[in-house]
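Inspection log for the structure reproduced underneath, given as structure tokens.
Values below: every heavy atom of this structure, side chains too, minus hydrogens, waters and symmetry copies. Remember, it's 1-based here, ligands and their atoms both numbered in the order they're listed.
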Amino acid sequence: MSTAHKNLSEFATDDLPDISAKTFAIVVAEWNHEVTEKLFEGAYQTLLQYGAIPENIIRANVPGSYELSYGSQVFAQKENVDAVIALGCVIQGETKHNDYINNAVAHGLTQVSLKYDKPVIFGVLTPNNQQQALDRAGGIHGNKGDEAAITSIKMLKF
Ligand SMILES: Nc1c(NC[C@H](O)[C@H](O)[C@H](O)CO)[nH]c(=O)[nH]c1=O
Ligand SMILES: CC(=O)[C@@H](O)COP(=O)(O)O
């Protein structure tokens with residue numbers, strides 16, 4: 001189902017785990033910061049809404065989405081971090097550069113999650129243009145940051 005037919009901020013919230021003592025790291029790409037800051041705000045507020053405390057939410061910035069894999073690994077390897085949320089926005093340009101970034105970060109985040117045996121959430125928008133990005137960062141299709149945060153909470157049930 002495409003996002004055009006599903007709101008990223010609408011999800012089931014029954015049977016969520018207690019996250020009052022859980023620590024979350026949110027790694028944010030600075031590229032397209034006008035979008036990624038909205039993703040961060042959505043993720044941060046969603047974590048608080050469902051029981052996390054501000055002291056247990058760590059934020060770190062990386063230059064671009066390609067660096068999200070390494071930035072997420074830095075936190076995933078920490079014993080006191082229970083889940084990592086990686087946020088970015090890779091807007092298609094004139095070349096295939098966006099494809100290489102998107103593939104690399106999707107693969108990289110998966111490897112980090114499996115290596116350190118903890119949730120590492122792919123909160124990266126891969127839009128064709130700026131408007132599609134804004135529509136998914138608090139716009140008509142909801143906020144990918146909200147979705148990434150609730151996903152991290154649900155994965156802590158495993
Ligand atoms: N064009 C976008 C980038 N490009 C930068 C890369 O992510 C990376 O920082 C660079 O290749 C150096 O390693 N990053 C985004 O997050 N979004 C873009 O649209
Ligand atoms: C996705 C990007 O890195 C972007 O800046 C590349 O743009 P372009 O393909 O037009 O060089």
Side-chain angles (χ1 to χ4, degrees), residues 1-11 22-49 52 54 56-78 81-156:
M1 177 187 293
S2 73
T3 305
H5 301 91
K6 176 190 180 311
N7 190 294
L8 295 166
S9 299
E10 294 175 1
F11 30 73
K22 299 297 185 182
T23 296
F24 298 84
I26 306 178
V27 186
V28 185
E30 294 171 345
W31 256 82
N32 298 314
H33 63 86
E34 68 280 3
V35 175
T36 61
E37 286 304 320
K38 295 176 185 287
L39 299 180
F40 170 78
E41 192 61 25
Y44 184 77
Q45 294 301 331
T46 298
L47 291 175
L48 296 181
Q49 180 179 350
N56 292 347
I57 302 174
I58 305 163
R59 172 177 173 161
N61 291 354
V62 292
S65 293
Y66 183 83
E67 286 75 36
L68 286 171
S69 297
Y70 179 74
S72 296
Q73 177 172 283
V74 167
F75 289 99
Q77 65 191 357
K78 295 180 183 293
V81 172
D82 297 293
V84 181
I85 298 168
L87 301 175
C89 176
V90 183
I91 299 176
Q92 182 172 341
E94 294 178 353
T95 71
K96 294 180 180 177
H97 194 211
N98 62 296
D99 291 334
Y100 287 92
I101 296 168
N102 293 334
N103 290 328
V105 72
H107 180 73
L109 293 176
T110 299
Q111 295 309 306
V112 171
S113 181
L114 296 174
K115 179 175 182 179
Y116 293 100
D117 192 27
K118 66 181 63 170
V120 177
I121 308 306
F122 183 73
V124 180
L125 292 173
T126 58
N128 296 313
N129 54 56
Q130 178 86 351
Q131 188 55 53
Q132 286 184 355
L134 294 172
D135 289 346
R136 292 156 176 80
I140 59 172
H141 296 314
N143 191 319
K144 191 75 171 177
D146 297 1
E147 180 201 51
I150 203 70
T151 300
S152 71
I153 295 170
K154 292 180 175 181
M155 289 307 292
L156 289 176

Self-check item: Any Leu156 side-chain heavy atom under 4.5 Å of Pro119 side chain
Solution: yes
Exercise. Using the ring of Phe40 (Phe, Tyr or Trp, six-membered ring only), decide whether Arg59 places NZ or CZ under 6.0 Å from its centre and within 45 degrees of its axis.
Key: yes
Practice problem: Would you mind reporting whether Val62 and Val27 have side-chain heavy atoms less than 4.5 Å apart? | Solution: yes
Quiz item: Going by atom types alone, do Asn143 and Glu147 pair a side-chain donor with an acceptor below 3.5 Å?
Solution: no
Quiz prompt | Protein heavy-atom partner closest to atom 3 (C) of ligand 1 - residue, atom, separation in Å | solution = Trp31 CD2, 3.4 Å
Quiz item: Which residue holds the protein heavy atom closest to atom 4 (C) of ligand 2, what is that atom called, and what is the gap in Å?
Solution: His97 ND1, 4.3 Å
Quiz prompt | Element-labelled atoms of ligand 2 that are located less than 4.0 Å from some non-hydrogen atom of Asn98 | solution = 1 (C)
Quiz item: How far is atom 9 (O) of ligand 2 from its nearest protein heavy atom, and which residue and atom is that?
Solution: Thr95 OG1, 2.5 Å
Quiz item: Relative to the heavy atoms of Ile91, which atoms of ligand 2 are at a distance of less than 4.0 Å?
Solution: 1 (C)
Self-check item: Any side-chain donor near an acceptor of the partner, Gln130 and Glu34, under 3.5 Å
Solution: yes
Quiz item: Counting heavy atoms only, which of Ser65, Ala104, Cys89 comes nearest to atom 17 (N) of ligand 1?
Solution: Cys89
Quiz item: Are the side chain of Ser113 and the backbone N or O of Leu109 linked by a donor-acceptor pair below 3.5 Å?
Solution: no
Quiz item: Do any nitrogen or oxygen atoms of Trp31 lie less than 3.5 angstrom from nitrogen or oxygen atoms of ligand 2?
Solution: no
Practice problem: Just let me know how Asn32 lines up against ligand 1, side chain, backbone, both or neither, with a heavy-atom cut-off below 4.0 Å. | Solution: side chain
Quiz prompt | Any donor-acceptor N or O pair under 3.5 Å, side chains Gln77, Gln73 | solution = no
Practice problem: Using distance alone, decide if ligand 1 has a nitrogen or oxygen within less than 3.5 Å of any nitrogen or oxygen in Pro63. | Solution: no
Practice problem: Ignoring hydrogens and angles, tell me if any N or O in the side chain of Asn129 forms a donor-acceptor pair with the backbone of Gln132 under 3.5 Å. | Solution: yes
Quiz item: Hey, does Ala29 come in under 3.5 Å of ligand 1, counting only N/O atoms on both sides?
Solution: no
Exercise. May I ask you to list the atoms of ligand 1 that are less than 4.0 angstrom from any heavy atom of Ile91?
Key: 19 (O)
Quiz item: Can you list the ligand 2 atoms lying under 4.0 Å from a non-hydrogen atom of Gly93?
Solution: 7 (O), 8 (P), 9 (O), 10 (O)
Quiz item: Donor-acceptor pair, Thr36 side chain versus Gly88 backbone, under 3.5 Å?
Solution: no
Quiz prompt | atom 10 (O) of ligand 2 - nearest protein heavy atom and its distance | solution = Glu94 N, 2.7 Å
Quiz item: Given His33, Glu67, Gln130, His97, which one has a non-hydrogen atom that is nearest to atom 11 (O) of ligand 1?
Solution: His97
Self-check item: Close-contact set for ligand 1 against Ile101 heavy atoms, below 4.0 Å
Solution: 3 (C), 4 (N), 6 (C), 7 (O)
Practice problem: Check for a donor-acceptor pair, side chain of Lys118 on one end and backbone N or O of Val81 on the other, with a separation under 3.5 Å. | Solution: yes
